[in-house]
Amino acid sequence: MNLEQVSPYLWRIPRDAGRGMRVPALVVADRALLDLIRRDASLEQLANGATLPGIVRAALAMPDIHQGYGLPVGGVVATDAEHGVVSPGAIGFDINCGVRLLATPYQATDVGPHVRPLVDALYAAVPTGVGATGGIRLEGPELSAALEGGARWAVERGWGDAADLDRLESSGCLPGADAEAVSPRARERGARQVGTLGSGNHFLEVQVVDEVYDEARAREFGLSVGQVTVMIHTGSRGLGHQVCTDFLALTGQALKRYGIHVPDRQLACAPLDSPEARRYLAAMRAAANFAFANRQLLAHWTRDVFRRVLGDGALRVVWDVAHNIAKEEEHEVDGRRRRLLVHRKGATRAFPGQPVLVPGDMGRYSFVLAGTEAALRETFGSTCHGAGRVMSRTAAVKAARGRRIADELAAGGVVARATGRDALAEEMPEAYKDVQHVVDVVHRFGISTRVARLRPIGVIKG
DNA sequence: ATGTAC
């Protein structure tokens, strides 16, 4: 792939009309990360993203980019809200996979002796693993209410406080969701999965703030060194997966009808003024709300567990972000305000001052950042979402053979429990890039700034 | 990510 260096942290794939690119592609990275990025097909996938009709300015990649389905994970594609398209593959299977951070009133020294009981109680309270059910069963109209109400639906039924909603991206409810657009099959898959963690990179972690980079911002977010936090990483489970599957098929069939050519069927899309696009967006928003409700329930049960194990201290929501979503937003492009549909697939919204939550791996760190004006100029108000893998799941399992990852984590001060036989091996720290490196790049490039670093002490996985 | 093959 032909790459030009634009600045120390920005690289360009020039527009190539021969391969159908309508705009160039831009990659935020340093040389070392770029070497890792070039090992998979993510840059070809990014160039494919630049062919989407109505794409504005450039197809963008964050430094944690890696190969995905259609568009790479870590990709940001903005299309014109009137003349552009929506592409389910540019959002991902796990619609509104995202992260919520809770701040506790406890210090590491308060929690230290209680980490094992805390992790055991969290593991008992939160259903984990692929296919996990047993949160709450939602029938007919009640499931529809959750799909259209998101976190607000959960709060109205007593799972959390109204004040939580002020601390969630989009207040935990995307308008324009329509439960009728979600297929019966997707509903069936979701009916018993609200209030479950799932598997893969999803986790619930007890952490300690081990470094603060920006005192003023940390204080504003309610974070200080030594404080215990809880991070919840999960999404829309089988329901969102089925919504993506359904609409990949539908948009795939519609390509010919609308005269759209994409270089990869996995980038199937539909014009924003088409019935297919309207229906997908209504279903995507419903799946996103399901994920917001899911994180609200897990936060509520986390509070129950902390109350039982540690006492009455209140757990406050710091923030909740979506990592896989498309949002209609207004941005300035070439000096003109334009309404765009911003697809973020493994990327975090980073509007000025907004908290950004970046999970790393379970042995090292996660980060809290703040969004910036530079992000609005450079990346449609977006930044990275995580570390990104360096090892495939199978490679990680192979590398972990004969080792006891739980013991290794314990030796590093992390109590871990997981459901799947290979869950800890697949997710072991060395299977991931160093999130600190990724965060350094977005900080130096300026699209978000470091606020605090969080070190895990307890983790539950699927 | 995912009832890891409807």
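A, B, ... follow the sequence lines: proteins, then strands. Residue 1 opens every chain.
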Contact list for residues 400-437 of chain A, test ring pair (Phe, Tyr, Trp, His ring centres under 6.0 Å), sequence neighbours left out: none
Interface polar pairs with nucleotides 3-6 of chain B, N/O, under 3.5 angstrom:
from	atom 1	to	atom 2	distance (Å)
B:dG3	OP1	A:R189	NH2	2.0
B:dG3	OP2	A:Q193	NE2	2.9
B:dG3	N1	A:R189	NH1	3.4
B:dG3	N2	A:R189	NH1	2.9
B:dG3	N2	A:R189	NH2	3.4

Atom pairs and distances, donor-acceptor, side-chain atoms in residues 264-272 of chain A, under 3.5 Å, two or more places apart:
from	atom 1	to	atom 2	distance (Å)
A:D264	OD1	A:Q266	N	2.8
A:R265	NH2	A:G252	O	3.4
A:Q266	OE1	A:G70	N	3.0

Name each donor-acceptor pair under 3.5 Å that joins a side chain in residues 410-421 of chain A to protein atoms two or more places apart or in another chain, with its distance.
from	atom 1	to	atom 2	distance (Å)
A:R417	NH1	A:D120	OD1	3.0
A:T419	OG1	A:Y123	OH	2.9
A:T419	OG1	A:T128	OG1	2.4

Counterpart residues, side chain to side chain contact (heavy atoms under 4.5 Å, CB included), relative to A:R444 (two or more places apart): A:Y9, A:D440
Partner set under side chain to side chain contact (heavy atoms under 4.5 Å, CB included) for A:R152, not counting sequence neighbours: A:E156, A:L165, A:C173
Integer-rounded Å distance: B:dT2 P and A:H233 NE2: 10 Å
